[in-house]
Structures are given as C-alpha cells and as structure tokens.
Amino acid sequence: MSNIGSYEKRRENFNWDIAKEVLGWKEGEILNIGAMCSDRICAQGKGDKKALIWQGFGGKQKTYTFNDLRVLSNGFAKFLQDLGVEPGEKVCLFMDKIPELYVSFLGVLKMGAVAQPLFSAFGDESLEVRLLSADTKVIFTTRKHVKKVRKIQDRLPALEKIVVVEGNPAKLRDEEIYFSMEDFRVEDFTTFESDAGTPSVLHYTSGTTGQPKGAQHGHGSVWGQALTTSWVLDLKEDDIYWCTADPGWVTGTSYGIIGPWSLGVTQCVLDSGFTSAAWYQFIQDNRVTVWYSAPTAIRSLMRDGEALVRQYDLSSLRHLASVGEPLNAEAVIWSEKVYGLAFLDTFWQTETGSMMITNFPGMKIKPGSMGKPFPGIVAGILDLKTNEPVTEPGTVGLIAFRPGWPSMFREYVKQPDIYRSKFVGAADDAMPAELRLDESLWYVSGDRASFDKDGYYWFVGRDDDVINTGGHLVGPFEIESALVEHEAIAEAAAIGKPDEVNMEVVKVFVTLNPGFEPSDDLELNIMNFIRKRLSPLAMPQEIEYSEKLPKTRSGKILRRYLKALEWGEEVGDLSTLEDD
Ligand code: WT7
C-alpha cells in the first residue's frame, strides 16, 4: 500500500480506512494499541522478529522480539490487574528510555488503563502538577527517579502505588513495590476490549497561561499514527528505524512506539546523552535506515561538521524526517549535502496526535517549508482577526484543521472550557466530542503560518508566549510561578530568547525582595532552583534583574513587550498590548 503514487493521487483517493489495510487489521478485531503493537504482530507470524534494539550508557545492549514484547507487556498488564487498577485509571510512566518504559506502555494499554508518560528529567514540581491533575493512581519509576516521587507523594491523594522497575530492590521503602519485568513473562492475557474512543495515552502540554493541560488521546489514534508512519516515515518491513524522541513527549509515543510497532517494524533506542559521534556510531552499528529527529539535534550535528560525518559509514540511511520546531532551509540543504538525504519536515502537536503537515517521498520538497497537509487532513489559515479562512497565498494567519482526524485529542483533562476554546466556528453545544469532519468547525493550532500558491505551508511563529526550546514547549507561567516561590524573588516574567542551536532558550526578568541583591551566587541559585523543581529545559539561561516589570493597567506583566525588546522587534502600540 506504501508508495502508491503522487501526493495529489493519494489526496484524491483518500479514506482513513486505508490505514486498516496498511495495518492488515480486519473489522471485528480488537482495537487496542497495546495488543496491536505486540499480539497482532505475533499472530502475523512475526513473533521472532526483532522489535527493539536498545542501547544504554556504556554501550550496554538488549534486544527484544515482538514475542518478548507480547509476553512482557502481558506481565505488566496482569500485574496492574492484580494491583486492582481498573480500566480508565491513569498509570504514570516516569523513567529514562529503558526497555521497561516501552513495554509497560503496551501493558498499561492492554489492560485498559491510561498511559501517562512523563519526561524523566522533570523535577518534583513538574511531576506533582501533572500527577495531581490526572488523579494518577500508579506510578512506574526507577531507583534513580523515585526520590522525586517520595518528595511529593503526600500531596497526591489519588496516588496509591509506587512501583520501582529497575535498580536495587533492597533500598526501597516498605510501601514501595518492586517489579522485575524480566521475571514476569505471562503467556496469556485477555486484552481489554477498547474501541476508538477509549482513552489511551495522556500527554501534558504547556500553554501560555495556567498549568499544563492534559491532552487525552484514544485508541483510534493508531489509524492516523500508522498511516503517517507508513507514508511519511516510509517505514517498510525490513527497515531499522530510529526515532530520537523521548516517550515523555508525544513524538516518542506516537512515532517512537505506536507507529513503528503497529506496523511490525524493528526500531532502535539510544538511552544515553547526546554527542554527534555517539549518534553516528549508533547509526553505523545498527544499520539504521530511517531516522526521525528534530531541528535542534540537526543543528548540533551541523555544528560538529562534515569531517565527523565522513568518519562513519552511514550508507544504511535512506530516509530522514524532522519535527518539533522550524527546520531551517540551511539544515535541509546541509543534510542533503553531507548525508545525501534531505531531512523532511513534519508539523504537528501533542493535541493532533499525528502528523498534520508533511513532506514525504515522492513530493517535491521546498527547503524551509513544512510541506502540505497530509492526505485526509483539511488545513487552512485563518485570518488573525476574523478567524475566517484566508484565500490569498502569502497571507499570514493561524494554522487550523477541520476536526475529525483519527488521532485528534479528545479532551483536556478536567478543562472542558479550554478544550472548547481551541475550536472556532462552533456553537458551544457543537463542540467535537464526537470525532467527525465538521464543515463549520476549525481546530486552531496556536501557530502562525502562510501557504504559497502551490499549497505549501510556511511556518511563521507561535501565536502565544509559549517557549519552544530544542523542540520542547515550556510554559512561561510554570516558570514564573516557580520563580516567585524563591525567597529572593518578588515578581517574574519568562520569555524565549533567540538561540542558534535551540531556537529559543529561557530568559527571565525578576524583581527582588527587599534585602536581596543581584550576585553570581544568587543567579546560580535561581537557575538550580528551577532546574530541580521543573526541568533542565525550563532552567533560565539568563536572568535580568530589574527595579520594576512593565505591566498592563490591570497589573498583568507584559511578557510580549519584554519579548519584543529582546528580539529587537517593533514594540508597537503599547496601548494594544495593555488590552491583552
Ligand atoms: C508545537 C507543538 C508533535 C511534535 C512535537 C512537539 C512547534 C512542531 C514544527 C515544525 C515549526 C513546529 C509548533 C507546535 N512545531 N513542529 N515542523 N515547524 N514548528 O509537540 O510539544 O505539542 O509542540 O511545536 O509551535 O505548535 P508539542
């Protein structure tokens, strides 16, 4: 089904049922992502095929077949059932990119619970906010990260069980449970009978205001994830695929677990720190054929130059794709020059669950453009003031999509009003709780772009104050709330500041409480405070002290004004900023 002609032909003949054909899924079979990625592949006679080639620090390696995935994920599913976890309850996965993370993800879904992966570098405050919001019942973690859970567990009334899946069991507290995946292979497990709307994966994403929102997906997302994996990532039976994203973020689950495994494709995971040399070595050692990564990584590879590339045999590579931030034309051109392959850009979001605007094999590539809407996706650019779709190429507006694609998020946990506010053109009672292509609604992404006369989309920037650092979204509100908990800080504003590699890094403006003076020590102290509480991503790279922060008449800090100054942009009419 793959490679069946041009973009236009695919668009014309499009039907989401094609995803079922690509997956070899028959009506009447269970629609459960956990089983689709393991049991179903084994039933197709591919139980002995390698599913996961894992490498950790120090070159440690482990390999798992699809049959291993099947029996080990059965183990997790059974273990959760025995703990008394019910379908629909949230199970957090808080660990590095170890095999247990990938397998437990499938196990949680198999027994009908909701998988809530959280980035293992999160500090206790980032963790607390997300576990509290989701009423998470069980957390799977490791010896290395359990300390952060201990710190906050008393403030999480819904959290019943802390399960440690790696490390020395002797060092655990009495109430903590040790679970060794390898010692609990379960041959038979009856999969929970989920359908398209059954909650599956929950990812938190940061907005401009308020705490992060939990975007809830359903098992039906697999249609979108599998078909884009097939057409855009072009995965085929014999590929060795590498997605560099961490499953703490949506790319790492949609395309680092569900996409490849639902298609029965072998994938590799590298769970050690980034260096260009280590990455090239990994590609060479594993004969990686398809590589899905992000612009910040690509720019880091560029910085380390072509000579390094020449020291490795990267001839196995046949297809490269990118997501998460604007992929600059230079990076596309450079990759074509040094790898003989251009990185192809894809645009999507946590909320969309799968790729929305894409470049794929067979399409003409315009370096610097995000490509065209995936067949089956109806995209538009909405006028910044009226929300009406623009018709003139080159007009900058909001990127929007007609709701109803299979992997669209189904709610923001406990925030129906914010969910509804992401859709325009609808009466309140017409919000798309049911997935359907509604001719009157648009889902508004929160990004600005334009399309050209050939229908290619060009990214302009975000329409809000969310900071995108190295392809990860960080909410300014989260940083500001944490900053004002520091004893020295009275008021704070956080913005993104331009950065050559990471696109943006966090910069903060603070006013100090009486008795505190700016100093190098204080600066380090504040940086570490944020790194520990939130994450290394949220840690400010620059702190500017000021006597007073600019505010609206109603007292809101004018982040946008600070940002315009920082970026050397037109500050514009202050009175309009004040209306914000
Ligand atoms: C935001 C979504 C699902 C991808 C991982 C991030 C930015 C994403 C691109 C791109 C320019 C991009 C947007 C978007 N973004 N892809 N190809 N070009 N910007 O998911 O954390 O929900 O972030 O990342 O601003 O809204 P996310």
Side-chain angles (χ1 to χ4, degrees), residues 117-119 130 201-208 212-217 221 224-225 228-229 232-233 243-259 292-299 320-329 331-332 342-360 365-374 377 379 398-401 405 407-409 412 422 443-451 456-475 478 496 502-504 535 537-538:
L118 290 178
F119 186 41
R130 291 160 176 82
V201 186
L202 174 62
H203 278 292
Y204 275 76
T205 182
S206 297
T208 307
K213 303 173 294 265
Q216 179 66 63
H217 290 281
S221 69
Q225 290 150 347
T228 49
T229 300
V232 183
L233 297 176
C243 169
T244 60
D246 187 305
W249 310 99
V250 73
T251 308
T253 57
S254 289
Y255 296 101
I257 302 182
I258 306 172
Y292 194 28
S293 198
T296 288
I298 300 165
R299 286 190 291 268
L320 319 181
S322 162
V323 67
E325 339 145 43
L327 179 64
N328 40 326
V332 178
F343 268 97
L344 304 195
D345 198 9
T346 62
F347 169 92
W348 56 291
Q349 303 179 300
T350 302
E351 287 86 342
T352 71
S354 62
M355 298 167 184
M356 303 304 275
I357 301 184
T358 56
N359 288 287
F360 55 77
I365 307 302
K366 299 192 185 190
S369 159
M370 304 192 289
K372 294 193 190 195
F374 184 74
I377 298 297
L398 298 168
I399 310 174
F401 305 103
W405 66 95
S407 48
M408 186 175 104
F409 71 135
Y412 282 133
K422 293 290 284 187
Y443 162 75
V444 184
S445 72
D447 289 293
R448 294 182 182 194
S450 65
F451 53 74
Y456 282 76
Y457 280 69
W458 298 79
F459 188 78
V460 172
R462 287 193 61 97
D463 189 51
D464 59 18
D465 296 339
V466 175
I467 301 160
N468 187 334
T469 179
H472 298 107
L473 300 189
V474 182
E478 291 167 85
N502 292 292
M503 187 170 93
E504 290 184 341
S535 77
L537 302 170

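For ligands, and for the atoms within them, numbers begin at 1 and follow the listed sequence. Both backbone and side-chain heavy atoms feed into the values below; hydrogens, waters and symmetry mates do not. Model, not experiment: these values are computed from the prediction.
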Judging by distance only, is a nitrogen or oxygen of Gln349 under 3.5 angstrom from one on ligand 1?
-> yes
For ligand 1, does Asp447 get within less than 4.0 Å through its side chain, its backbone, both, or neither, judged by non-hydrogen atoms?
-> side chain
Can you tell me if Pro326 has a non-hydrogen atom under 4.0 Å from ligand 1?
-> yes
Nearest heavy atom to atom 17 (N) of ligand 1 wins, so pick from Thr346, Val460, Val323, Asn328.
-> Thr346
Over all atoms of both residues, closest heavy-atom pair of Arg130 and Ser206 = NH2-OG, 4.1 Å
Short side-chain to backbone donor-acceptor contact, Ser293 and Ser322, under 3.5 Å | no
Please report the C-alpha distance between Arg462 and Leu473 in whole Å, then the side-chain angles of each, then the deciding distance to 0.1 Å, and finally whether the side-chain contact (heavy atoms from CB on, under 4.5 Å) criterion is met.
-> CA-CA 11 Å; Arg462 287 193 61 97; Leu473 300 189; 3.8 Å; yes
How far is atom 27 (P) of ligand 1 from its nearest protein heavy atom, and which residue and atom is that?
-> Thr350 OG1, 3.4 Å
Ignoring hydrogens and geometry, is there a side-chain-to-backbone donor-acceptor pair from Asn502 to Thr469 under 3.5 Å?
-> no
Hey, is the main chain of Met408 close enough, under 3.5 Å, to the side chain of Glu351 for a donor-acceptor pair?
-> no
Show which atoms of ligand 1 fall inside a sub-4.0 Å distance from at least one heavy-atom site of Asn468.
-> 7 (C), 24 (O)
Would you call the rings of Tyr292 and Tyr255 parallel, tilted or perpendicular if under 30° counts as parallel and over 60° as perpendicular?
-> perpendicular
Backbone N/O of Ile357 and side chain of Asp345: donor-acceptor pair under 3.5 Å = no
Given the options Tyr456, Phe459, Phe451, Trp458, Met370 meets side chain to side chain contact (heavy atoms under 4.5 Å, CB included) only with Phe459
Phe459, portion touching ligand 1 at heavy-atom distance under 4.0 Å = side chain
Identity and distance of the protein heavy atom lying nearest atom 2 (C) of ligand 1 = Trp348 O, 3.7 Å
Residue set satisfying side-chain contact (heavy atoms from CB on, under 4.5 Å) with Thr352, at least two apart, ordered chain then number -> Trp348, Gln349, Met356, Trp405, Tyr443
Parallel, tilted or perpendicular: rings of Phe374 and Phe360 (30°, 60°) = perpendicular
Short version for His472: what comes under 4.0 Å of ligand 1, heavy atoms counted, is neither
Donor + acceptor pair across side chains of Gln225, Ser254 (<3.5 Å) | yes
Has Gly324 got any heavy atom lying under 4.0 angstrom from an atom of ligand 1?
-> yes
Can you pull out the closest protein heavy atom to atom 5 (C) of ligand 1? Residue, atom name and distance to 0.1 Å, please.
-> Thr251 OG1, 3.3 Å
Atoms in ligand 1 flagged as close to Asp345, the criterion being non-hydrogen separation under 4.0 Å = 17 (N)
Tell me: protein heavy atom nearest atom 10 (C) of ligand 1, and distance?
-> Glu325 O, 3.4 Å
Does even one non-hydrogen atom of Leu473 get within less than 4.0 Å of ligand 1?
-> yes
Kindly confirm or rule out an N or O of Ser445 lying under 3.5 angstrom from an N or O of ligand 1.
-> no
Any idea which atoms of ligand 1 are less than 4.0 Å away from a heavy-atom of Val250?
-> 3 (C)
Where is the nearest protein heavy atom to atom 1 (C) of ligand 1: which residue, which atom, and how far?
-> Arg462 NH1, 3.7 Å
